[in-house]
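Reading through the structure tokens given below for one structure.
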Number of protein chains: 4
Amino acid sequence: MSTGSGTSPNAARRSDASRRAILRAAFDLVGEVGYAKLSIEGIAARAGVGKQTIYRWWPSKGAVLFDAFLMLSEDSGGSPALPDTGDLRADLVAVLRATVEELNDPRYDEPMRALNTEIAHDPELARTYLQRLERPMRELKKDRLRSAQRAGELPSDLDLDVAVDLIWGPLLNRWMLRGGELTGDYAERVVVAALDGLRPRGGAVG
Amino acid sequence: MSTGSGTSPNAARRSDASRRAILRAAFDLVGEVGYAKLSIEGIAARAGVGKQTIYRWWPSKGAVLFDAFLMLSEDSGGSPALPDTGDLRADLVAVLRATVEELNDPRYDEPMRALNTEIAHDPELARTYLQRLERPMRELKKDRLRSAQRAGELPSDLDLDVAVDLIWGPLLNRWMLRGGELTGDYAERVVVAALDGLRPRGGAVG
Amino acid sequence: MSTGSGTSPNAARRSDASRRAILRAAFDLVGEVGYAKLSIEGIAARAGVGKQTIYRWWPSKGAVLFDAFLMLSEDSGGSPALPDTGDLRADLVAVLRATVEELNDPRYDEPMRALNTEIAHDPELARTYLQRLERPMRELKKDRLRSAQRAGELPSDLDLDVAVDLIWGPLLNRWMLRGGELTGDYAERVVVAALDGLRPRGGAVG
Amino acid sequence: MSTGSGTSPNAARRSDASRRAILRAAFDLVGEVGYAKLSIEGIAARAGVGKQTIYRWWPSKGAVLFDAFLMLSEDSGGSPALPDTGDLRADLVAVLRATVEELNDPRYDEPMRALNTEIAHDPELARTYLQRLERPMRELKKDRLRSAQRAGELPSDLDLDVAVDLIWGPLLNRWMLRGGELTGDYAERVVVAALDGLRPRGGAVG
DNA sequence: ACGTAAACGAGACGGTACGTCTAGTCTTCAG
DNA sequence: CTGAAGACTAGACGTACCGTCTCGTTTACGT
């Protein structure tokens, strides 16, 4: 479950109560004091745990934070499939609007910024993130696009990875760098532009 | 020139030599030791400057770093206009390939990650960044798109901000979160997808 | 007037208003914040004077403080002669009781401790102190003892310096090191012991 | 052993090696650079110790210095009793001559000045000093005087505290304020004056 | 049921950097 | 050229955490 890769201590005897308390404390604290002021010392104190218990099982502050996100996503039963009503544009707009909601929720905003920052600066952590969280979520998105391909809404030779980037990239980028207000309306315009393209189309649309 | 917003000390007497030495040291150090280990103390020592001279003029480590970028961009005469050969797709591909090069250059990679994560965590800094660096660069991009509108390559009612996000967002997002290899080829596929859109087009274009 | 010894700046143009403001501020501040927290910076601010004006005319914090005492003593017309009623014991007791009063007055206690500390650590300052303040006061004391010699109350071959030390030394020592309560009663017992000596006397006493 | 009075950290786990290194370094440094330039930072560096280890166990620089003296006096087995040959005057002169030697030894001069000035400015430290160092030494002095009382050399109703002040006060005061050369001869004259008193005696004694 | 070995809470340790404060020097400007 | 103002280099202050290292104390196996 841990992000550590080397030879572990005797994991069999690991205290699950402490582990959960640490992850809970880490997630809560990052929301309260911000990422810059998050400290191992603070996490240990909040969790009622010795510092060594953290250093024993995680290699870095980012790894703790990452596991905290992992626990959260697992506790909530993992991510469900994207909605599939047969109307791709509507489904994407709905999903992105929900994402915008979440990104604007201060309860998630700060912790997610923290996680992204850690990923940006720690290649090892980034690799784990890709495998454990990003890839599964990306697969769900590609599943919806594949369904659209089967329905003839998208070409069968579409590069799905580029497609996912085109739809979600602008949103995440604007959020991360605060490049303007993040509204549901903006999300909708991005979806339309991504599906239709920037250039004028010969045929009728939608 | 500084990022500080409140009442400044007597800026007329400010030592320009110290200011430049600090920004130079900050930029060099962030490339050498990485952002996590960049310290005010280290910058002051490298610049041959008292710590107070930094605290007097900048409110945070991120602000120093930001001004360092600003100085660099101003010293190099600001950014030039994007190429305009009349072929939008080719021009965009060329620009994005160059951007990919830069993002893959370790000389710029680490400092730019540092700047971006600081922006992500500091709304005040983000505001300044938008005005001083992001907006001017975005205008250059929009200028090229406007030129394409005049040439009939893009619809005249196109939302240029969304267009810029669509083209550059995926690239920056993949770079920041290390969501896969960042190649010129990827850049090209993003440009094509953005221009043509994901959905099948009625007639062949360009 | 200054304690500085080297080549002075053009003393003719010296601003007497600034000089007095500085000495006044130094004396007041040492009583308010204590000696440890007394700073040149603080004195300059309180006096409404640039720091350089202090550094120009005094070599050290102690020198400023010393001049402050000097000014005070000169402004109050210098020390008057000790009382001489013809009864040495009574006169000494009266003087020492007054000294005890002064030493117990918080208005003088802290500044005098500060001055003594500076003297203890700065031989150069100590020399000046001896000449300008200690010696004059000691002469007044010796004058009173000489008068007693003439009156036959003290032997004519008495070492007056040792005598002064014997009478005032215990008091100052107890005050400085807080070696017990400093009362008028204690002062009286010291005078009696000093005059009569510790050993039993053959003849009748006083 | 520490001068701190409030609730201590877990003293059981205290590192004695660090404690001794700190006290040693403090004593050595105060002799080398003087009290004014003695810094916690310097002590920590010299002792090979983190600053926090000093702040954890001592409330102030003065307290460290004080404990350094305490350690020294305890390591050298504490002070022995004063000599008692039956001749009080000779014994006192011998002791005071030795004290003069010590006060003139630069190895002890500066540290003792530092300790004394700290005591002068810190009532809390003064209290501890009185109990732990001054009182024991004073008792040894009073013991010798009591012996003299039993031998009939001193009156049985003599105020021993005043007597001790009368003998040692002048010496310490002259030393602290550099009120003249501190010689064995001076010490002898003080002893004689203190024992015989300043006034002329009826009969010859001793 | 009992030893034993590990993980645990606690927290002292040598360090680094923080952001503030003061020292003493240097520069600019008004009079 | 003076004195006021204040920016400058330098470095100590006391605090917060870092990551490592004991301490005793649970806790859960393997006997």
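A/R14 forms a cation-pi arrangement with A/W58, by the criterion of a distance under 6.0 Å to the ring centre and an angle within 45° of the ring axis. Taking the ring axis of C/F66 as reference, the NZ or CZ atom of C/K61 does not stay both within 45° of it and closer than 6.0 Å to the ring centre.
For A/R13 and E/dA5, the shortest distance from a side-chain N or O to OP1 or OP2 is not below 4.0 Å. For E/dT16, the OP1/OP2 oxygens have no side-chain nitrogen or oxygen of B/S39 closer than 4.0 Å. Distances shown here put a side-chain N or O of D/T53 below 4.0 Å from the OP1 or OP2 atom of E/dG14. OP1 or OP2 of F/dT2 has not a single side-chain nitrogen or oxygen of C/W57 nearer than 4.0 Å. A close approach under 4.0 Å does not occur between any side-chain nitrogen or oxygen of B/S18 and OP1 or OP2 of F/dA7.
With values rounded to the nearest 0.5 angstrom, A/D67 atom CG is found 12.0 Å from A/L72 atom CG.
Taking atom CZ of residue A/R20 and atom C1' of nucleotide E/dC8, one finds them 19 Å apart after rounding to whole Å. The interatomic distance linking B/Y55 (OH) with E/dA17 (P) rounds to 12 Å, in whole Å. One can place CD1 of B/I43 at 11 Å from P of E/dG19, the figure rounded to the nearest angstrom. The CZ-P distance, from B/R56 to F/dA10, rounds to 14 Å in whole Å. For the pair D/I40 CD1 and E/dC21 C1', the interatomic distance rounds to 16 Å; values are reported in whole Å. Counting to the nearest Å, the P atom of E/dT28 and the CZ atom of B/R14 are 16 Å from each other. Taking atom NZ on A/K37 and atom P on F/dC17, their separation rounds to 9 Å, with Å as the unit. Straight-line distance from the CD1 atom of B/I54 to the P atom of F/dC8: 11 Å, rounded to whole Å.
Each of B/N10 and C/G50 was matched to the nucleotide of DNA chain F holding its nearest heavy atom; the match closer to the 5' end belongs to C/G50. In terms of position on DNA chain E, the residue among B/E41 and D/G48 whose nearest nucleotide sits closer to the 5' end is D/G48. Along DNA chain E, the nucleotide nearest D/V49 and the nucleotide nearest B/K61 are compared for position; the residue whose nucleotide lies closer to the 5' end is D/V49. With DNA chain F read from its 5' end, the first of the two nearest nucleotides for B/D16 and A/L38 is the one closest to B/D16.
With C/I43 as the partner, the side-chain contact (heavy atoms from CB on, under 4.5 Å) test is satisfied by one option alone out of C/D28, C/L23, C/L29: C/L29.
Between the side chain of D/K51 and the base of E/dG14, no donor-acceptor pair under 3.5 Å is found. Residue B/Q52 places no side-chain atom within donor-acceptor reach of the base of F/dC8, judged by atom type and a 3.5 Å distance cut-off alone.
The residues C/E124 and C/R127 are annotated as salt-bridged, a charged nitrogen and a carboxylate oxygen being separated by less than 4.0 angstrom. The residues D/E32 and D/R46 are annotated as salt-bridged, a charged nitrogen and a carboxylate oxygen being separated by less than 4.0 angstrom.
Across all strands, A/S15 comes closer than 4.0 Å only to sugar-phosphate atoms, never to a base (heavy-atom distances). Nucleic acid contact for C/G42: none, since no nucleic acid atom lies under 4.0 Å from a heavy atom of the residue.
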